[in-house]
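Report on the following structure.
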Amino acid sequence: MTSVETSAEKSAVTISRPVAVGADKSMRSPGVARSNIASSTEHPQGTKHWASKHKDYTVLQQHVLFWDRDQDGQIYPVDIYRGFRDLGFNIIFSILAAVIISIGVSYPTRLAHSYFPDPFFRIYVDSIHKAKHGSDSGVIDSEGRFVPQNFENLFAKYAKEDKSRSSLTLSELFLLMHGQRSVLDPFGWFASIFEFFTTWLLIQKDRKIQKEDLRKVYDGSLFWDIKAKRSNGTGWDKGFKFGRNGMWAIKSD
């Protein structure tokens, strides 16, 4: 069988950013988007209990369910604030997140219901796919499904320090954002920086984020794990902490 060429001699970027190969050995058709399962080579069935429980939701919808506590399909700014507080972020960061996310995401999701902006800046879970922006990782498609091959590509392309390709440093995250950005897309640039930097603040340990943690961020199951650990006294042992009450840091347990 003829091998598939994934780099071209006259294109240096295809050499410096290799794609993941061999994912089909661990899962079937990794290039096919999964509607409700965030699959990886290590976890081809995704987060099993979580995926089974929420099989009627896309992965992108599962990602935001943490902020829809009453399950009414609408996320208010106060829900975002409370969710970030439950994850351990301090008051200032949680307010900032609620403002930025509500302003940026409310109207696109509102368009599935009305052309008029929502007066309460609610985010609608059923149409969360409409809030997908440019310059993102490409792991989630335009309908909110999870593409395993693109997830594997993130680590194949940008995880250089870790030879096992199972973690990303902060500098590698910035390389990822640089590599994924689209031209003339300032909103997408800002959204990606905000999302990935917030993710790093939440799940980094020893200045790295682990592949499995990032996968569970995509399907939202990790948020519930963190909340449970913070509630039962175990505490979340990852995340960036700058003193006890640092302005941008995660609140100490």
Test item: [X] side-chain N/O and [Y] main-chain N/O as donor-acceptor pair under 3.5 Å:
| X | Y | value |
| --- | --- | --- |
| Ser29 | Gly31 | no |
| Thr14 | Ser11 | yes |
| Arg165 | Ala159 | yes |
| Gln210 | Ser167 | no |
| Asn153 | Lys157 | no |
| Thr6 | Val19 | no |
| Arg145 | Asn36 | no |

Donor + acceptor pair across side chains of Ser135, Asp185 (<3.5 Å) = yes

Side-chain donor-acceptor pair under 3.5 Å between Asp118 and Tyr124, yes or no?
->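 A pair is found: one side chain offers a donor N or O, the other an acceptor, under 3.5 Å apart.
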
Would you give the length of the straight line joining atom [atom1] of [X] to atom [atom2] of [Y], rounded to the nearest 0.5 angstrom?
| X | Y | atom1 | atom2 | result |
| --- | --- | --- | --- | --- |
| Thr41 | Lys211 | OG1 | NZ | 3.5 Å |
| Ser40 | Gln45 | OG | CD | 10.5 Å |
| Gln149 | Asp24 | CD | CG | 8.0 Å |
| His133 | Ser192 | NE2 | OG | 4.5 Å |
| Leu175 | Leu168 | CG | CG | 10.0 Å |
| Ile37 | His43 | CD1 | NE2 | 13.5 Å |

So do [Y] and [X] actually touch side chain to side chain, heavy atoms under 4.5 Å?
| X | Y | result |
| --- | --- | --- |
| Phe151 | Leu214 | yes |
| Phe197 | Leu173 | no |
| Val125 | Trp67 | no |
| Tyr158 | Gln180 | yes |
| Arg207 | Thr169 | no |
| Phe89 | Thr198 | yes |
| Ile92 | Ile95 | no |
| Phe84 | Ile101 | yes |

Mind listing the closest non-hydrogen atom pair of [X] and [Y] along with its distance?
| X | Y | result |
| --- | --- | --- |
| Pro148 | Ser39 | CB-O, 3.7 Å |
| Lys132 | Ile140 | NZ-O, 2.7 Å |
| Thr58 | Glu143 | CG2-O, 4.0 Å |
| Ser127 | Thr109 | OG-O, 2.6 Å |
| Gly83 | Phe66 | O-CE2, 3.4 Å |
| Val59 | Asp219 | CG1-CA, 4.0 Å |

Does [X] have more than 12 heavy atoms from other residues, nucleotides or ligands lying within 6.0 Å of its [atom1]?
| X | atom1 | result |
| --- | --- | --- |
| Lys160 | NZ | yes |
| His113 | NE2 | yes |
| Arg82 | CZ | no |

Check [Y] with [X], please: is the shortest side-chain N to carboxylate O separation under 4.0 Å?
| X | Y | answer |
| --- | --- | --- |
| Asp213 | Lys238 | yes |
| Asp225 | Lys216 | yes |
| Lys205 | Asp237 | yes |

Derivation and outcome, ring-ring contact (aromatic ring centres under 6.0 Å, His included), residues Tyr76 and Phe121 = CA-CA 7 Å; Tyr76 287 78; Phe121 287 94; over 10 Å; no

Carefully, step by step, assess Val32 and Val147 under the rule side chain to side chain contact (heavy atoms under 4.5 Å, CB included).
-> CA-CA 6 Å; Val32 176; Val147 185; over 6 Å; no

Mark yes or no: Arg215 above the aromatic ring of Trp50, with NZ or CZ under 6.0 Å from the six-membered ring centre and no more than 45 degrees from the axis.
->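 No; the conditions do not both hold, so Arg215 does not lie above the ring face of Trp50.
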
Under the ring-ring contact (aromatic ring centres under 6.0 Å, His included) criterion, do His63 and Tyr218 qualify, and how do the steps go?
-> CA-CA 6 Å; His63 175 77; Tyr218 275 105; 7.2 Å; no

